[in-house]
Amino acid sequence: MNRKDFLKSAFGTALALTGADALARHARPEVSAPPAFTLPPLAYGFDALEPHIDKMTMEIHHDRHHKAYVDNLNKAVEGTPMAKLTIEQILKNVSKHPAAVRNNGGGHWNHTFFWSIIGPGGTDRASGPVADAIDKQFNTEMAFRDAFVNAATGRFGSGWAWLLVDKNKKLVISSTPNQDNPLMDVAEVKGTPILGIDVWEHAYYLKYQNKRADYVKAFWNVVNWDQVNKNYAAAMKG
Ligand code: MN
């Protein structure tokens, strides 16, 4: 029995035993409130990114790894004022929170973001306003890709590489360890991520084993530039 079913059944029993008074007493928000954070479904099939990212990796990555971050984040915030905050509000002040919130809150935000900026039907090159901004900032898209690949392959151990808009509205590449990200007050380079890649081994090991560079190269085939453009527009406005 999961927590929700347990609450439902406990609630049902109380109602049956003591009637309407119990309803008033048991319908408190802390009893009936759903978990603060939920695992978002993928907008495409687990096999939709084949052959670049394989089905089994996607299934395990989403259903087990991301789910664990969500479950552990909910445990970490349950009964605290954080349960009522957005994930972005939590990450902004993450240095004030326990390590479980930093690790699992970052894990939840990062993966939700990652699923949105990859997808089937990727294009060979960047497109839209963000492509122009990339050319302007890095001279060419290839120069940008080289720098991004260096950030992704150069990150020692587990972490992420990012393309972000910084406070001066400039495009910047960075990388973060573990499940940190540029939204966190602890990040060396802060800003709004518009593109990112998970370089934890769980993101690529089944298909690419130790060859992280091959996975990063394959990543360009699944980038959803429409979403990156949406992120870019929002970051430039915000
Ligand atoms: Mn991951």
Side-chain angles (χ1 to χ4, degrees), residues 35 37-77 87-88 90-91 94 97 99-120 122 148-164 173-184 186-189 192-224 227-228 231:
F37 301 103
T38 54
L39 179 67
L42 279 186
Y44 40 84
F46 293 125
D47 62 353
L49 309 183
E50 293 268 9
H52 312 294
I53 304 180
D54 60 290
K55 181 184 175 188
M56 188 181 280
T57 295
M58 287 300 293
E59 192 165 357
I60 294 173
H61 201 173
H62 179 271
D63 285 6
R64 298 197 211 165
H65 289 278
H66 189 175
K67 182 177 188 299
Y69 295 124
V70 171
D71 291 347
N72 290 324
L73 175 62
N74 281 324
K75 276 183 212 151
V77 303
I87 187 64
E88 287 83 5
I90 291 175
L91 298 185
V94 82
H97 304 315
V101 172
R102 177 173 173 174
N103 293 335
N104 295 294
H108 176 42
W109 192 94
N110 293 349
H111 288 85
T112 303
F113 176 80
F114 188 55
W115 310 135
S116 76
I117 59 91
I118 58 177
F148 187 87
V149 167
N150 284 341
T153 55
R155 164 55 51 192
F156 183 77
S158 298
W160 293 73
W162 306 99
L163 176 65
L164 59 113
I173 291 168
S174 80
S175 89
T176 51
N178 305 315
Q179 295 296 355
D180 286 0
N181 71 42
L183 298 174
M184 293 180 172
V186 294
E188 263 176 61
V189 182
T192 307
I194 63 168
L195 175 72
I197 184 170
D198 184 347
V199 294
W200 283 57
E201 283 186 344
H202 69 225
Y204 62 86
Y205 204 86
L206 290 178
K207 183 178 174 75
Y208 296 97
Q209 295 86 45
N210 59 318
K211 300 182 288 282
R212 184 190 286 185
D214 289 359
Y215 156 70
V216 177
K217 195 174 157 198
F219 166 77
W220 299 116
N221 295 294
V222 298
V223 173
N224 177 351
Q227 185 60 46
V228 178
N231 297 341

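In this chain, numbering begins with 1 at the start of the sequence shown. In listed order, ligands and their atoms are each counted from 1.
- His66 lies apart from the Mn ion (ligand 1) in this respect, since none of its N, O or S atoms is found at a distance under 2.8 Å.
- Only one option out of Tyr69, Trp109, Trp160 pairs with Phe114 in a ring-ring contact (aromatic ring centres under 6.0 Å, His included); it is Trp160.
- Checking His65 against the Mn ion (ligand 1), every N/O/S atom stays at or beyond the 2.8 Å cut-off.
- His111 contributes atom NE2 as its closest N/O/S atom to the Mn ion (ligand 1).
- Nearest to the Mn ion (ligand 1), among the N, O or S atoms that Asp198 has, is OD2.
- Contact check for Leu206 versus Ile60: side-chain heavy atoms found under the 4.5 Å cut-off.
- Just one of His62, His66, His65 meets the ring-ring contact (aromatic ring centres under 6.0 Å, His included) condition when paired with His202; it is His65.
- His111 has its ring centre no less than 6.0 Å from the ring centre of Trp200.
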